[in-house]
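Here's the structure we're looking at; comments come further down.
What you see is a predicted model; the values in this text were computed from it and never measured. Below, read A as the first sequence line, B as the second, and so on, with proteins coming before strands; counting in each chain starts at 1.
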Amino acid sequence: MKAAPRASGSRPTIYRPLPRRFFARNTVQVARALLGQFLVHETRLGRVVGRIVETEAYRGPLDPASHAYRRTARSEVMYGEPGVAYIYFSYGMHYCMNVVTEGRGRAGAVLLRAVEVVERADSAGSGQHGRAGPRAGSIPSRLAAGPGRVTAAMRVGPAHNGADLTRPPLYLARGDRPAGRIVTGPRVGISLAQTRPWRFGIAGHPSLSRPFRAPL
DNA sequence: ATCTAGATCGGCT
DNA sequence: GCCGATCTAGATG
């Protein structure tokens, strides 16, 4: 028999890390392929799991919107081993998380712009309140709808810069194919290379950071 | 040493 | 829809 379907379909009871070779290829391909996969963080307080619903590809010296447009101390991690995290501090208040792509010596990373949080340690019952509140068992769909919210919800911070994302405690894991169609559009918040349609999302998903422009 | 734009978000005119 | 908060990497003097 089948379990009752959730908004994003069923999810595994165990999470299988994606192998490093998954990330060692064209950045735009990886950005697409990450939709529907899981980001898992096993913290001391418990496990947090998000399903990736929106990404953006950032490339190397030919992509002026990318931090790796120039090779500097900050962008060095984007030139290194695929499958590790690139974390940067944004607008004086948020951290953003990327997954490094391409082979060593080639720059590339995928920004995780939105995930649907499907599991978090403190959402599982333990009613401290006499009656069940509105939060019992439910997780707001917009909790991680935006790159700064992804890191906050997933408990990811600057200490994770350079972390290996192919094994616990913080890793990407195999998920289902996205339920909806994949939509594309220009990357958000950049001024250069706006013609590059390197933002990807699951069409109509409630956890998207913001809508995609409708197709022609 | 100083300047500036920035892969954002939440609140409110 | 617009604005302010709050900070830094990288460029320039």
Side-chain angles (χ1 to χ4, degrees), chain A residues 23 26-35 37 39 41 48 50-80 82-102 106-117 120 135 139-163 165 170 172 182-202 205-214:
Chain A
F23 307 102
N26 178 284
T27 305
V28 174
Q29 275 180 249
V30 177
R32 271 184 167 279
L34 276 173
L35 296 176
Q37 316 286 359
L39 176 62
H41 194 184
V48 189
R51 190 162 189 269
I52 298 170
V53 301
E54 182 182 338
T55 60
E56 281 176 359
Y58 286 87
R59 309 189 76 179
L62 297 178
D63 178 5
S66 173
H67 291 166
Y69 182 57
R70 288 184 280 268
R71 189 166 183 165
T72 66
R74 180 174 63 162
S75 65
E76 188 59 27
V77 63
M78 284 180 67
Y79 284 84
V84 315
Y86 166 47
I87 312 289
Y88 71 91
F89 189 50
S90 178
Y91 289 96
M93 12 196 98
H94 312 286
Y95 292 94
C96 295
M97 175 176 181
N98 298 253
V99 186
V100 174
T101 58
E102 310 279 349
R106 296 191 146 260
V110 174
L111 172 67
L112 304 183
R113 280 198 58 87
V115 307
E116 175 194 3
V117 178
R120 63 174 173 174
R135 54 189 284 151
I139 300 172
S141 66
R142 307 202 59 74
L143 183 65
R149 296 164 140 197
V150 167
T151 53
M154 295 298 305
R155 310 275 190 258
V156 169
H160 296 101
N161 192 39
L165 301 176
L170 179 63
L172 280 306
I182 294 177
V183 284
T184 68
R187 293 172 289 180
V188 174
I190 61 166
S191 60
L192 297 139
Q194 294 199 319
T195 59
R196 299 303 175 73
W198 288 344
R199 177 187 180 214
F200 303 95
I202 298 176
H205 198 286
S207 301
L208 292 176
S209 67
R210 48 158 305 178
F212 282 74
R213 223 208 105 171

request  = Applying side-chain contact (heavy atoms from CB on, under 4.5 Å), run through Arg51(A) and Ile202(A) and close with a yes or a no.
outcome  = CA-CA 11 Å; Arg51(A) 190 162 189 269; Ile202(A) 298 176; 4.1 Å; yes
task = Give the rounded distance in Å between these two atoms: CD1 of Ile190(A) and C1' of dT8(B).
result =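 About 15 Å, once rounded to whole Å.
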key: Donor-acceptor contact below 3.5 Å, side chain Thr184(A) vs main chain Pro197(A)   =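 Here the side-chain-to-backbone pair does not exist.
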query = Do you know the tightest heavy-atom contact between Ile190(A) and Ala65(A)?
reply =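 The pair with the smallest heavy-atom distance is CD1-CB, 3.9 Å.
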key: Exercise: identify the closest heavy-atom pair between Gly148(A) and His94(A)   =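 Shortest heavy-atom separation between Gly148(A) and His94(A) comes out as CA-CB, 4.0 Å.
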key: Partners passing side chain to side chain contact (heavy atoms under 4.5 Å, CB included) against Tyr95(A) (at least two apart in sequence or in another chain)   =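 Tyr95(A): side chain to side chain contact (heavy atoms under 4.5 Å, CB included) contacts with Ile87(A), Phe89(A), Thr151(A), Pro158(A).
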query = Which residues satisfy the side chain to side chain contact (heavy atoms under 4.5 Å, CB included) test with Ala68(A), sequence neighbours excluded?
reply =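 Scan of Ala68(A) (side chain to side chain contact (heavy atoms under 4.5 Å, CB included), adjacent residues dropped) gives Ser66(A), Ser75(A), Met78(A), Tyr79(A), Ala107(A).
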Applying side-chain hydrogen bond (donor to acceptor under 3.5 Å, both in side chains), can you list everything that pairs with [X], at least two apart in sequence or on another chain?
X	result
Arg71(A)	Glu76(A)
Glu102(A)	Thr27(A)
His67(A)	Tyr86(A)
Arg187(A)	Asp63(A)

query = When all nucleic acid strands are considered with a 4.0 Å heavy-atom cut-off, which category describes Ser191(A): base, sugar-phosphate, or nothing?
reply =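 Answer is sugar-phosphate: Ser191(A) comes under 4.0 Å of backbone atoms only.
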For nucleotides 9-11 of chain C, which of its nitrogen or oxygen atoms have a protein nitrogen or oxygen under 3.5 Å away, and what is each distance?
| unit_1 | atom_1 | unit_2 | atom_2 | d |
| --- | --- | --- | --- | --- |
| dA9(C) | O3' | Arg74(A) | NE | 3.2 |
| dG10(C) | OP1 | Thr72(A) | OG1 | 2.1 |
| dA11(C) | OP1 | Arg70(A) | NE | 2.4 |

request  = Please work out which residues in residues 142-161 of chain A have a non-hydrogen atom less than 4.0 Å from an atom of DNA chain C and list them by number.
outcome  =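 DNA chain C contact set from residues 142-161 of chain A: none.
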task = Please list residues of residues 84-96 of chain A whose heavy atoms come under 4.0 Å from any atom in DNA chain C, ordered by number; otherwise none.
result =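 Within residues 84-96 of chain A, the residues near DNA chain C are Phe89(A), Tyr91(A), Gly92(A), Met93(A).
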message = Surrounding CZ of Arg142(A) (heavy atoms of other residues, nucleotides or ligands, distance under 6.0 Å), is the total greater than 12?
response =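 Buried by this count: over 12 neighbours within 6.0 Å.
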inquiry  = I want to check one thing: is the phosphate of dC9(B), taken as OP1 and OP2, less than 4.0 Å away from some side-chain N or O of Arg210(A)?
reply    =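 No, no such contact exists.
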ask   = Reading DNA chain C 5' to 3', what string of ( ), [ ], | and . shows its pairs, if Watson-Crick and G-U wobble pairs count only when both distances fall under 3.5 Å?
value = |||||.||||||.
ask   = Can you list every pair that meets salt bridge (charged side-chain N to carboxylate O under 4.0 Å, His left out) and has a residue in residues 88-100 of chain A, with sequence neighbours left out?
value =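 Sorted pair list comes back empty.
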May I have the list of side-chain donor-acceptor pairs in residues 52-60 of chain A shorter than 3.5 Å, sequence neighbours left out?
| unit_1 | atom_1 | unit_2 | atom_2 | d |
| --- | --- | --- | --- | --- |
| Glu54(A) | OE1 | Ser209(A) | N | 2.8 |
| Glu54(A) | OE1 | Ser209(A) | OG | 3.1 |
| Glu54(A) | OE2 | Arg113(A) | NE | 2.8 |
| Glu54(A) | OE2 | Arg199(A) | NE | 2.9 |
| Glu54(A) | OE2 | Arg199(A) | NH2 | 2.9 |
| Glu54(A) | OE2 | Ser209(A) | OG | 2.8 |
| Thr55(A) | OG1 | Ala31(A) | O | 2.9 |
| Glu56(A) | OE1 | Tyr58(A) | OH | 2.7 |
| Glu56(A) | OE2 | Val188(A) | N | 2.8 |

